[in-house]
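Inspection log for the structure reproduced underneath, given as structure tokens.
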Amino acid sequence: GCSGGGTGGSGGGEKAPPLIIHAVDAGTFQEDFNPYHLEGVNFGTSGMIHETLMYFNKLMPGEITPWLALKHEWSDKGKSVTFTLRQGVKWSDGKPFTADDVAYTFQMLKDNPELNRNALEITGTEALAPDKVRIDFENTSYAKLFNIAGNSPIVPKHLWEKQKDPVTFTNPKPVGTGPYTLSKFSAQLYEMVKNPSYWQPGKPEVPVLRFPAYTANAVQTALQQGEVDWAGAFVPDIQKIYVQGKPEQNKFFFPPEGVVTLLPNLTHPILSKPEVRQAISLAVDRDKIVRVAERGYTKVAHPTGVPMPGGEAYVPPEYKDAAFKVDLAKAKELLKGIDPAKLKFTLLVPSPFTDWVNAAQLIREDLAKVGITVDTRGVAFQDWVSKVGKGNYELSIRATAAGPTPYYQMRSMLFGGLAEPVGESATGNYQRWKDAETDRLIEEYAATEDEAEQQKATQGLGKIMVEKLPTLPLFYSPSWAQYRTNKYVGWPSEQDPYAMPSPYTSPDAAVVLLHLKPAAK
Amino acid sequence: MNVLEIRDLGVDYLSQTGAVHAVADVSLDLRRGEILGLAGESGSGKSTLANAVARLLRPPAAITSGSVVYHRQDGTAVDVLALKRDELRAFRWKELAVVFQSAMNSLNPVSTVGAQIDDVLRIHAPKMSRKDRAERAVELLQRVGISADRRRSYPHELSGGMRQRAAIAIALALNPEVIIMDEPTTALDVVVQRDILHEIRALREEYGFAVVFITHDLSLLMEISDRIAIMYAGRVVETGTAEALHRTPRHPYTLGLLRSFPRLHGPREELLGIPGTPPDLRSLPPGCAFHPRCGRAMEECSTRLPLLTRGADGADGADGSDGEVACLLNGGRGVEEAS
Amino acid sequence: MKIKIGFGILVFFALMALVGPLLIGADPAATSEDGLQGPSAEHWLGTTQTGQDILTQIVYGARISMGVGVLSAVIANLLAILVGLVGGYFGGAVDEVLSVLTNIFLVLPALPLIIVLAGYLPQRGVGSVAVVIAVTGWAWGARVLRAQTLSVRRRDFVQAARASGEGPLRIIFFEIMPVLLPVIATSFLATVVAAILAEAGLSFLGLADLSTVSWGSMLYFAQNGQALLIGAWWWFIPPGLCIALIGTGLALVNFGIDEIANPRLRTVKVKVRKART
Amino acid sequence: MIVLEGRNLTKHFTSARGPRGRLGRRPPVRAVEDVSIALRAGSVSALVGESGCGKSTVARLLAQVYPATSGDLLLRGEPVRAHRGAAFRDYRRQVQLIFQDPFSSLNPFHRVRYHLARPLRIHGHARSDEQERTMVAELLERVSLTPVEQFMDKLPHELSGGQRQRVAIARALAVQPVALIADEPVSMLDVSIRLGVLRLLEELAKESGLALLYITHDIASARYFAEDITVMYAGRLIESGPSEALTQSPRHPYTRLLLESAPDPDRVTPPDATRHGEPPSLIAPPGGCRFHPRCTVALPVCSSEAPGRTELGEGRWTHCWQAETPDPVAR
Amino acid sequence: MRFLARRLGFYLLTAWAAITLNFLIPRLMPGDPVELLVARMKGNVEPEAIDAMRRAFGISDASLWQQYLDYLGNLARGELGRSITFFPTEVSTVIADSLPWTVALVGVATLISYLIGTSLGVLMAWKRGTWLDGVLPAATFMHAVPYFWVALALVFVFGVTLQWFPVSRAYGLDVMPGMTGEFAASVLYHAALPAITIVIASMADRILGMRNVMVTTLGEDYVVMAEAKGLTSRRVMWAYAARNAILPNITSFALSLGFVVGGSVLTEIVFSYPGIGSMLLKGVENEDFPLMQGIFLVISLAVLVANFLADLAYVVLDPRTRQESE
Ligand SMILES: Nc1ncnc2c1ncn2[C@@H]1O[C@H](COP(=O)(O)OP(=O)(O)OP(=O)(O)O)[C@@H](O)[C@H]1O
Ligand SMILES: Nc1ncnc2c1ncn2[C@@H]1O[C@H](COP(=O)(O)OP(=O)(O)OP(=O)(O)O)[C@@H](O)[C@H]1O
Ligand SMILES: [Mg+2]
Ligand SMILES: [Mg+2]
């Protein structure tokens with residue numbers, strides 16, 4: 001084994017040990033460090049090697065940290081943004097980082113839609129000065145600040161412009177501004193070492209990162225045997241397999257990241273009736289689902305679906321303390337007017353998601369109590385994706401991703417523009433909710449830069465969620481993070497949620513690494 | 001002068017449904033240098049007897065009684081059934097060799113004829129050099145009428161007759177005293193069969209080994225053998241010189257057999273055959289096993305088991321033969337009429 | 001003896017599959033709060049992580065696993081009989097085509113093919129899984145049956161039936177097929193084993209319908225729930241054992257049939273009384 | 001009266017046996033070459049030859065199991081042309097085969113009754129169960145399987161070899177043929193029971209006026225049971241004549257060799273001890289007379305030209321260049 | 001030789017069938033990899049980007065025939081397309097990375113299993129009626145045990161409970177691939193349990209198959225004759241009986257390779273072994289058509305080649321086939 005070539009220099013004379021990280025399940029790694037590749041790209045490319053302009057902490061909506069950019073300024077009614085860049089930042093090959101690099105990066109996204117997964121409507125970029133760059137958009141893009149600044153890693157122009165096709169470029173020897181550089185690569189293991197000329201002096205304090213390939217199964221054993229120090233894995237019985245009676249050392253933190261909802265297909269004649277959805281919501285015992293199916297790893301969702309705590313400002317004040325309660329009597333009452341024979345639904349779940357399969361089973365048991373017959377059907381992941389996407393289902397369970405503010409989640413769940421007709425694949429709003437009020441609120445949010453107004457619009461969406469139940473929130477989808485404090489301390493926690501703790505969220509993982517300090521001996 | 005003495009030999013095939021007495025109380029002598037024919041219908045125990053003598057029986061066959069004694073030329077006697085593993089290996093092929101019914105199946109299909117001869121020499125004559133062994137193989141093959149270049153042929157490249165000759169050559173490899181031939185010519189056509197019979201006789205003259213020749217073709221046996229033993233349902237029912245058996249068979253079964261063979265020459269005699277079918281060895285009729293099919297059966301035949309006895313009036317002994325018969329007719333002398 | 005033990009095992013499992021659910025009654029998927037209990041008086045074989053009773057799952061799983069096994073074996077063997085007998089009997093071009101087809105399916109690796117096919121299956125119900133397994137599993141039987149048909153076809157009774165004027169279909173199905181019954185039975189039993197194993201493998205990979213309880217899906221959930229690491233042996237041992245046992249039972253019956261057809265294969269049990277052999 | 005006649009029948013097997021396929025065609029097996037044979041009603045003819053010489057092939061050609069490569073078949077003097085359809089089936093019905101191996105010629109799964117009833121049904125001889133039953137009983141009686149009741153419901157494995165062969169004969173009779181071809185019907189049976197079966201066949205020919213072809217490699221039995229004998233060698237006919245005449249004064253060297261070689265305890269002079277070599281391959285048979293490589297009296301012409309048929313009178317003929325010489329060896 | 005030519009022809013035909021099957025299956029079955037990708041990202045992709053991705057994956061609307069020709073052309077150039085899972089890595093690269101692991105693992109394990117299984121089968125047939133018969137029930141049982149269950153049991157006992165062997169990955173965390181002894185040792189150590197799994201699970205078939213053929217062979221006259229010739233038991237057992245009994249087993253062995261490969265797919269998955277099996281599952285899970293196709297093709301071709309080698313072995317071992325063309 002090799003460590004970072006004498007670069008680990010902080011704390012004590014002893015060399016700090018390498019940190020073993022499992023971010024995503026993989027049997028083998030491909031040599032791909034292009035941060036714009038969707039899958040197959042190795043974890044750490046974005047964040048540890050390539051950095052973004054700003055950092056958005058999803059656990060604290062609205063908390064934005066300057067990173068490569070010191071500040072941003074909107075102009076032309078949100079159709080143009082100008083970033084002021086940090087100075088003195090160097091690429092790991094020694095070349096200085098300038099506005100040209102940023103301009104190149106966004107120009108590349110404009111020129112290669114394949115890479116532009118956030119669908120930024122870039123019309124042009126311009127490096128105004130070595131530390132100033134402007135990016136122009138076709139439409140008002142306030143709401144896309146996260147995607148622009150927080151989710152678009154900057155790549156070095158001087159190396160990338162030589163590539164024929166950035167779409168298939170695998171960037172095998174990545175050069176970035178980040179705290180780490182790639183030192184070794186093999187199909188089952190790669191290693192990063194500290195970037196000695198990183199712009200945050202004295203950081204990082206972890207000299208070497210090792211990324212072994214583990215499949216979902218293998219990582220469990222590795223966790224049990226203490227092989228990995230930081231993992232983002234679903235562990236079926238975390239106490240037995242991972243904690244093993246040492247909670248002070250083997251820690252875990254599963255903050256919410258988006259919400260899992262019970263999707264009613266609103267094109268279904270019965271499910272389109274609000275009272276039916278209401279009744280279903282009242283019958284489902286979410287506590288039990290969280291306890292049994294989710295093994296207590298997460299929490300019951302707030303009725304608005306907004307992650308709590310943290311999202312308070314985005315929740316309508318009157319519903320701040322709202323919570324789901326089981327009320328079978330009321331549910332039955334609501335269903336009175338409906339032909340019991342028609343209260344029969346199929347609940348489609350992807351069978352590889354065992355916790356959802358179990359949750360579906362519990363929902364089935366609960367709904368049976370109010371006279372709704374549910375037939376749970378576990379299908380292949382692909383099949384589920386296609387059916388739900390096309391609206392060929394009655395009930396299903398699906399997670400919605402989180403963004404830096406609850407708006408992203410709301411938009412994805414409710415935006416009428418995403419509701420495709422049945423038979424055509426949608427990319428959000430799978431239940432096909434169409435409501436003018438909802439769309440107005442979403443547009444309002446997008447049209448302003450003002451945080452208070454954005455919050456107000458989101459609160460309006462929350463109200464719709466509670467009152468009209470376009471989809472039924474069940475529980476937050478947890479972000480998985482296990483970390484061991486025997487080597488390093490300073491991890492995010494419920495008390496100090498400075499970043500998403502799971503190693504697979506970028507660039508948060510890099511932020512976490514920059515917070516770590518060797519454990520006291 | 002006997003080279004092999006079989007006494008009261010019994011062999012059973014054990015099975016869940018009861019034992020099959022394939023060979024029962026068989027006593028036979030093989031004299032030095034003679035050809036002893038063993039005849040009988042299919043299933044009468046001929047092969048079983050031969051295999052018992054060569055100690056080739058495998059479970060579920062079990063020798064239940066009797067002894068087999070082999071007399072070496074120097075006069076020492078060997079209890080074949082008591083031979084230890086190593087002694088048995090030496091006994092086989094040096095003293096006793098076997099030629100099986102279907103030579104196609106008794107030659108190893110994946111090695112050459114020469115190699116199969118070589119195999120025997122290598123084990124039993126470890127002092128022979130490779131060259132000597134090769135020479136010997138050629139010599140043996142030529143002796144049975146196969147050209148030397150056939151040494152490198154695989155069995156499937158040889159015709160049926162050649163294979164049979166090759167099998168005989170292998171049997172001759174160590175100049176054994178006794179060769180057991182179990183239906184060596186049944187699969188061949190008559191012309192080839194005739195050639196091979198000649199070969200066997202000629203070799204016997206040359207090397208002086210004794211042969212146990214098994215077949216169900218009685219007329220063939222009468223031509224080639226010196227003496228003949230007839231088996232029926234696991235027992236020897238009659239022995240005698242080929243001459244005597246041909247002229248004056250004493251057992252009704254032998255007589256029946258002889259009268260089943262159409263003749264090629266002379267007047268067309270009426271063929272009588274034997275009524276009925278051979279018995280099931282699992283449940284033999286009591287008394288003489290042949291009595292249900294015997295035209296001359298007496299009441300006694302169904303109760304008393306006739307033992308093999310010397311022809312009582314000694315008439316057969318006149319020409320030096322000492323025929324025996326197991327029949328109750330005429331006070332144990334069997335049938336008294338010419339065939 | 002072998003056949004008896006084999007049949008014993010099969011009858012046991014068949015009863016389990018047929019009447020077991022009636023006796024047990026409970027819903028195999030029903031969850032409860034007492035998860036991961038070891039075997040106890042209440043839960044004879046313990047519970048899964050979500051408190052499902054393992055015995056109930058095993059009993060219901062028997063239906064699916066054996067059902068898939070038998071169903072795909074039936075389909076596969078119908079195909080095999082058709083292809084093998086028809087090709088073997090008619091010979092000529094028909095046979096050439098059919099036997100090339102057979103050989104192709106024989107040589108193509110079955111499980112990867114099943115995985116690939118299942119990967120594309122939109123609906124992974126019991127039926128479609130059985131069909132996929134059958135589609136990849138008929139070739140061996142067809143080949144054996146063809147070879148046997150070729151030899152039976154040459155037998156005199158087939159010639160005699162033809163000479164007395166029987167039509168080809170009647171000869172195939174009334175003269176040849178009965179003689180091949182032991183072969184068909186052997187091939188059938190072997191396909192059942194293979195199909196049960198394939199179904200288990202597919203479920204284990206999560207490529208079958210996991211909302212129905214089968215032994216394979218039990219193993220999938222056990223593996224997903226890390227039964228090994230938790231030490232919950234009662235979760236992953238029984239389904240695997242059941243698969244292996246039923247396979248053993250089928251194999252025993254099969255070997256029994258083989259031994260009837262070829263007595264030499266029997267193990268020699270008769271004690272040879274001190275006799276010299 | 002000649003019931004069935006084959007004229008210049010030739011059969012070459014081109015299709016490869018076993019796994020060898022089309023790539024690189026194999027040379028044909030010239031199993032039967034230019035064979036003419038006639039069967040008469042009420043009489044037994046024998047076809048004799050060593051194993052592999054093509055006897056069974058002739059039998060199958062006559063029964064139309066497969067078509068001849070060339071040559072004609074005549075049924076009651078009428079040429080047979082049909083190779084499928086009703087006429088063909090009718091031909092097959094009229095000419096029946098009995099196979100060598102009684103152990104494989106009955107389907108082990110079907111009872112005796114089934115074996116006999118099927119042909120009755122197929123050919124419409126029996127139209128009701130009642131009729132079928134009586135006809136089956138009759139058949140069994142004809143082949144002396146009595147008591148009939150006892151045999152009707154037996155499975156083949158419950159019968160002895162001789163009894164099975166009788167069932168096979170009864171089955172052939174069930175279609176009510178005019179000609180019966182028995183391909184080595186007794187060679188698999190024990191000597192002691194052969195006789196019964198042969199006698200039965202003889203009776204059938206005599207009493208029912210069937211034309212019977214008795215195929216055997218045992219020339220002695222042919223002498224006893226057939227009125228005339230035809231000898232075959234390596235796919236060709238060698239010699240033919242009334243059985244007594246042929247066996248007592250053979251004219252072809254091969255027939256002579258065959259007779260000399262046959263085991264016979266009554267033989268007066270021991271046969272000579274020359275080696276005779278192996279029968280020839282049928283793929284590349286010797287040119288000219290196929291016997292010439294093994295013939296002790298071969299002339300140069302024998303190796304170049306196949307001898308034609310020489311009529312010797314009294315129904316005898318032979319294919320030999322020296323046919324005119326009464327006994328070439330003695331000369 | 002003609003025999004081999006014919007077999008070669010057959011294998012080429014089969015290869016063509018596999019290739020065509022490979023082409024047809026994904027096109028006859030529904031499913032859309034891009035949708036799946038989007039779903040896995042929990043919808044974090046805008047619809048506009050999806051079309052672009054579709055283009056990037058080369059999902060085309062050309063006629064089936066045209067696609068087939070393109071496909072064949074690409075194959076001829078060794079191009080299997082780009083993996084969707086590992087976009088933009090070429091499928092051929094993915095396979096080249098994972099195939100050696102599988103080949104080594106399955107190859108070695110199969111060889112061991114074949115040697116042990118065959119020898120044991122020979123011995124069991126030879127020593128019928130002795131204690132060796134006791135292996136029979138065990139073999140019968142093992143014959144029906146799923147590969148992955150054996151794997152799980154081994155993991156449980158030797159990995160988790162006793163901790164003797166590593167239970168995942170192909171080499172340790174502290175070595176990097178290279179021509180070092182350390183790396184080799186680590187690879188062997190990590191391959192131990194998967195290899196044992198394959199050996200155990202596939203050996204039973206070999207034992208039973210060999211025993212059955214061997215028992216039949218032992219009854220053959222030439223074996224009895226060899227014994228009668230006074231040869232040593234060893235020689236009779238191996239040179240006469242086993243030598244002949246192996247012949248029919250070669251074909252069944254070659255055919256069973258397909259099963260072993262299938263079993264090894266499951267084994268690799270349990271052990272997170274970086275072989276072709278893990279990749280196949282990954283491809284299936286992600287509806288990664290190019291990857292699935294490529295892997296299935298490679299597996300099929302490998303099995304075909306193995307079968308052809310078995311045919312060669314047959315020809316070498318059986319003089320009867322050598323003389324095929326008269
Ligand atoms: N392995 C066996 N198990 C049970 N019975 C057997 C076995 N082998 C032979 N027999 C029986 O033993 C009896 C004698 O058989 P054997 O082979 O010695 O007869 P044979 O006289 O050589 O007959 P053939 O002329 O047919 O060769 C037969 O009834 C046969 O059924
Ligand atoms: N279907 C076939 N395909 C190829 N060759 C054949 C076929 N049938 C027979 N032969 C060959 O034709 C020759 C004559 O065979 P046939 O069976 O007619 O001989 P036979 O005289 O009846 O012999 P046997 O006495 O052994 O029954 C043999 O060399 C045989 O190998
Ligand atoms: Mg015998
Ligand atoms: Mg024949």
Side-chain angles (χ1 to χ4, degrees), chain A residues 1-2 20 26-28 30-32 34 37-40 112-119 121 167-170 184 186-189 191 210 212-215 217-219 221-222 224-225 227 258 352 381-386 388-389 398-403 412 418 425-428 430 477, chain E residues 30-33 35-53 55-56 82-89 93-94 97-98 101 155 159-160 163 166-178 268-275 278-279 281-282 285-287:
Chain A
C2 275
I20 316 288
T28 55
Q30 306 304 318
E31 201 164 6
D32 185 355
N34 181 335
H37 283 162
L38 292 163
E39 296 263 311
N112 298 286
E114 291 92 337
L115 300 180
N116 187 4
R117 63 171 132 143
N118 293 318
E121 303 155 318
V167 176
T168 52
F169 176 49
T170 54
K184 282 172 189 164
S186 78
Q188 285 222 297
L189 182 68
E191 193 180 83
R210 249 183 223 150
Y214 287 115
T215 58
N217 267 318
V219 73
T221 328
Q224 193 205 33
Q225 301 186 346
E227 254 175 37
F381 183 65
Q382 298 90 302
D383 191 25
W384 171 77
V385 166
S386 136
V388 174
R398 186 147 188 161
T400 311
S412 166
L418 296 174
S425 291
T427 51
Y430 298 104
S477 49
Chain E
D32 182 348
E35 242 173 48
L36 210 64
L37 201 55
V38 174
R40 195 162 300 106
M41 302 175 64
K42 298 183 185 161
N44 243 344
V45 184
E46 296 295 321
E48 295 90 328
I50 292 176
D51 285 338
M53 277 197 274
R55 259 174 286 132
R82 287 183 199 277
S83 159
I84 290 170
T85 318
F86 303 106
F87 188 83
T89 315
T93 314
V94 177
D97 286 348
S98 50
W101 294 108
V155 167
V160 176
Q163 307 218 340
V167 298
S168 66
R169 300 169 43 85
Y171 46 91
L173 294 184
D174 41 5
V175 295
M176 285 307 252
E268 282 179 9
I269 285 158
V270 174
F271 288 100
S272 310
Y273 210 73
S278 307
M279 288 299 142
L281 182 65
K282 191 108 188 158
E285 281 173 351
N286 295 354
E287 265 189 23

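Chain A is the first sequence line, chain B the second, and so forth, proteins listed ahead of strands; every chain is numbered from 1. Just so you know, these numbers use all the heavy atoms, side chains as well, and skip hydrogens, waters and symmetry mates.
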Review point. In terms of heavy-atom proximity below 4.5 Å to chain A, should E/Val94 be classed as side chain, backbone, both, or neither?
Key: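 E/Val94 touches chain A through backbone and side-chain heavy atoms alike.
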
Point to revise | Atom group of E/Glu268 that falls short of 4.5 Å from chain A, counting heavy atoms | key: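 Neither the backbone nor the side chain of E/Glu268 comes within 4.5 Å of chain A.
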
**Study point:** Residues that A/Glu227 engages under side chain to side chain donor-acceptor pair (under 3.5 Å), provided they are two or more places apart
**Key:** A/Tyr214

Exercise for review: Could you list the residues that satisfy side chain to side chain donor-acceptor pair (under 3.5 Å) with A/Ser186, not counting sequence neighbours?
Suggested key: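 A/Ser186: side chain to side chain donor-acceptor pair (under 3.5 Å) contacts with E/Tyr171.
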
**Study point:** Per-residue contact mode, A/Thr170 against chain E (heavy atom under 4.5 angstrom)
**Key:** side chain

**Study point:** Distance-minimising heavy-atom pair for E/Arg169 and A/Gln188
**Key:** NH1-O, 2.7 Å

Review point. Looking only at heavy atoms, which two atoms of E/Pro274 and A/Thr28 are closest? And how far apart?
Key: CB-CG2, 3.0 Å

Review point. Nearest 0.5 Å, what's the OG1-CD distance between E/Thr93 and A/Glu31?
Key: 10.5 Å

Check your understanding: Between A/Thr215 and E/Lys282, does a side chain to side chain contact (heavy atoms under 4.5 Å, CB included) hold up when you go through it step by step?
Key -> CA-CA 10 Å; A/Thr215 58; E/Lys282 191 108 188 158; over 6 Å; no

Exercise for review: Determine, stepwise, if the pair E/Leu173 / A/Ile20 fulfils side chain to side chain contact (heavy atoms under 4.5 Å, CB included).
Suggested key: CA-CA 9 Å; E/Leu173 294 184; A/Ile20 316 288; 4.2 Å; yes

